[in-house]
Amino acid sequence: MTDPDQYKLIRRRLLTWFDRNARDLPWRHTQDPYAIWLSEIMLQQTQVETVRDYYTRFLNRLPTVHHFAKAPLDTILKLWEGLGYYTRARNAHKAAKQVTQEFGGEFPSTLEGLQQLSGVGRYTAGAIASIAFGVRAPIVDGNVVRILCRIFCLHGDPTTSSMQKRLWALASDLVPVKRPGDFNEAMMELGATVCHRQSPACELCPLKPMCRACQQGIQMDLPERVKRRPRPTVQVAVGVIYKRGRILIDKRPPEGLLGGLWEFPGGKKKSGESFRQALKREVREELDIEILVNKKLVVVDHAYTHFQVQLHVYVCEFVSGEPQCLACTDIKWVLPSQLARYAFPTANRKIFPVLLRG
DNA sequence: TAAACGTGGAG
DNA sequence: TCTCCAAGTTT
């Protein structure tokens, strides 16, 4: 069979399968480019089931790109709280402003136009163009990588530029003129529900007849695994600092890890230093205040992508000084009942129940 | 090019 | 408990 014939077969079988097996997802009930864009940003490196509720909440609260653009970043971050990769939220805010200010309130419909938006790369531009505008644009996400590597038996590290080039070229050849968005969604759907990383359900796969990896019985070995670096553990001292029933919280710098989120003050423990010493030092360095460190409240373990932290949380009493923003953007004294108004990282939120109970 | 960037679910 | 990894982008 020639390549074009095989491509036609793949398209037809995949779309037929998709028509019968597509999950009912909220963003599949709309044609609104804003809603499609929002879903695609949220779905970056994030599973469907995690995104569902966030997506619905966002659209109810910010029904148009104008609402999104006009909302304060703090509102966006509070809605995004817990979804992770907060750069996405900050970039989305910028992108919404771009749409309203530079594109006359309409999302661009071309790949080039879409990729000008903050947080929209090659994948997301292709997804929006094909799904919202019917453009014959390819996409390559983790699912597509897995499916293509298996169907065409592609060996080698899929993250290298040469392999990426092959994958994008294949995806580009495969995506049909008719229903390009459905085809792209179908590829991802197949990867998410059938062609799993471990234990792929080949018996349920519409592409089994043309899957070279399956024919050779090596589907589990493709795509080739990328070696990961070890994750170091960081020891952090955290203070819940009280002053007349209120707690001191600070806002992190706008860029970098957890940028723009609120947190309880603290910092890394140095070797040879106790947690209590570290806490007093960090609070002095970052806020220029003196505190009394009382009892240990809780120890929180949390894993990030590239390191793990152990938060040693202490109840503290404010002693003296006026808090300064030396390593943060904003400072507030809040009642425990008001904590929920602010966007906190998940590791910090793990402290809330202990706090409100005690 | 490689590293930074969150979180929750699955095995 | 631990490792992998999921609809990637930016620097």
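To find a chain, count down the sequence lines: A is the first, B the second, and so on, and within it residues start at 1. Computed over heavy atoms, backbone and side chain alike; hydrogens, waters and symmetry mates excluded.
Summarising the geometry, the separation between NE2 on A/H93 and P on C/dT10 is reported as 17 Å, rounded to the nearest angstrom. Rounded to whole Å, the distance from CD on A/Q98 to P on C/dT9 is 15 Å. Distance, A/E49 CD to B/dT7 C1': 15 Å, rounded to whole Å. At whole-Å resolution of the value, CE in A/M187 and C1' in C/dA6 are 16 Å apart. The nearest whole Å value for the distance from the CD atom in A/Q308 to the C1' atom in B/dG6 is 14 Å. For the pair A/L83 CG and C/dG8 C1', the interatomic distance rounds to 13 Å; values are reported in whole Å. In this structure, OH of A/Y304 is placed 18 Å from P of C/dT3, rounded to the nearest angstrom. Between A/D141 atom CG and C/dT9 atom C1' there is a gap of 14 Å when expressed in whole angstrom units.
For C/dA6, neither phosphate oxygen OP1 nor OP2 lies less than 4.0 angstrom from any side-chain nitrogen or oxygen of A/Y85. The side chain of A/T124 places an N or O atom within less than 4.0 Å of a non-bridging phosphate oxygen (OP1 or OP2) of C/dT9. One finds no side-chain N or O of A/Q45 lying less than 4.0 angstrom from the OP1 or OP2 phosphate oxygen of C/dA6. For A/R225 and C/dT3, the shortest distance from a side-chain N or O to OP1 or OP2 is not below 4.0 Å. Distances shown here put a side-chain N or O of A/H306 below 4.0 Å from the OP1 or OP2 atom of B/dC5. Put simply, A/S161 has a side-chain N or O that comes within less than 4.0 Å of OP1 or OP2 on B/dT1.
Non-hydrogen atoms lying under 4.0 Å from DNA chain C are contributed by nothing in residues 52-71 of chain A.
Take the nearest nucleotide of DNA chain C for A/E189 and for A/S118: the residue whose nucleotide is more 5' is A/E189. Looking at which nucleotide of DNA chain B each of A/T160 and A/L257 is closest to, the 5′-most match is held by A/T160. Checking A/L258 against A/R229, the closest nucleotide of DNA chain B that is more toward the 5' end is the one next to A/R229. Where A/Q115 and A/L43 meet DNA chain C, the nucleotide closest to each residue was compared, and A/L43 sits on the side nearer the 5' end.
Comparing B/dG8 with C/dT1, their C1' atoms sit 16 Å apart, to the nearest whole Å. Taking atom P on both nucleotides, B/dA4 is separated from C/dA7 by 23 Å, rounded to a whole Å. Between C/dT9 and B/dT1, the two C1' atoms lie 15 Å apart (nearest whole Å).
A donor-acceptor contact shorter than 3.5 Å is absent between the side chain of A/R150 and the backbone of A/C211. At least one donor-acceptor pair under 3.5 Å links the side chain of A/N348 to the backbone N or O of A/F264. Listed for the A/N91 side chain is no donor-acceptor partner under 3.5 Å among the backbone atoms of A/I41.
No contact: A/W80 has no heavy atom under 4.0 Å from any strand. Contacts of A/L25 with the nucleic acid, taken as non-hydrogen atoms under 4.0 Å apart, include base atoms. Backbone-only contact: A/V120 has heavy atoms under 4.0 Å from sugar-phosphate atoms and none from a base. At the heavy-atom level, A/R146 lies under 4.0 Å from the strands shown only through sugar-phosphate atoms.
Smallest separation of non-hydrogen atoms from A/Q219 and A/C202: NE2-SG, 3.5 Å. The two residues A/R231 and A/A303 come nearest to each other via the heavy atoms NH1-CB, 4.0 Å. Across all their heavy atoms, A/L326 and A/E285 have their closest contact at CD1-O, 3.1 Å.
For the pair A/K332 and A/Y342, the cation-pi test (distance below 6.0 Å, angle within 45°) is failed.
Taking the ring centroids of A/Y314 and A/H312, they lie at or beyond the 6.0 Å cut-off.
In this structure, A/Y55 and A/W27 have perpendicular ring planes: the angle between them is above 60°, well past the 30° mark. Ring orientation note: the planes of A/F68 and A/Y34 are nearly perpendicular, at an angle over 60° on the 30°/60° scale.
Nearest nucleotide to the A/R23 side chain, out of B/dT7, B/dC5, C/dA7: C/dA7. Side-chain proximity of A/N91 to C/dA7, C/dC5, C/dT10: nearest is C/dT10.
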N/O-N/O pairs, protein side and nucleotides 8-10 of chain B side, under 3.5 Å:
none

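Hydrophobic clustering places A/Y86 together with A/V309 (ILVMFWY residues linked when any side-chain heavy atoms are closer than 4.5 Å, directly or through intermediates).
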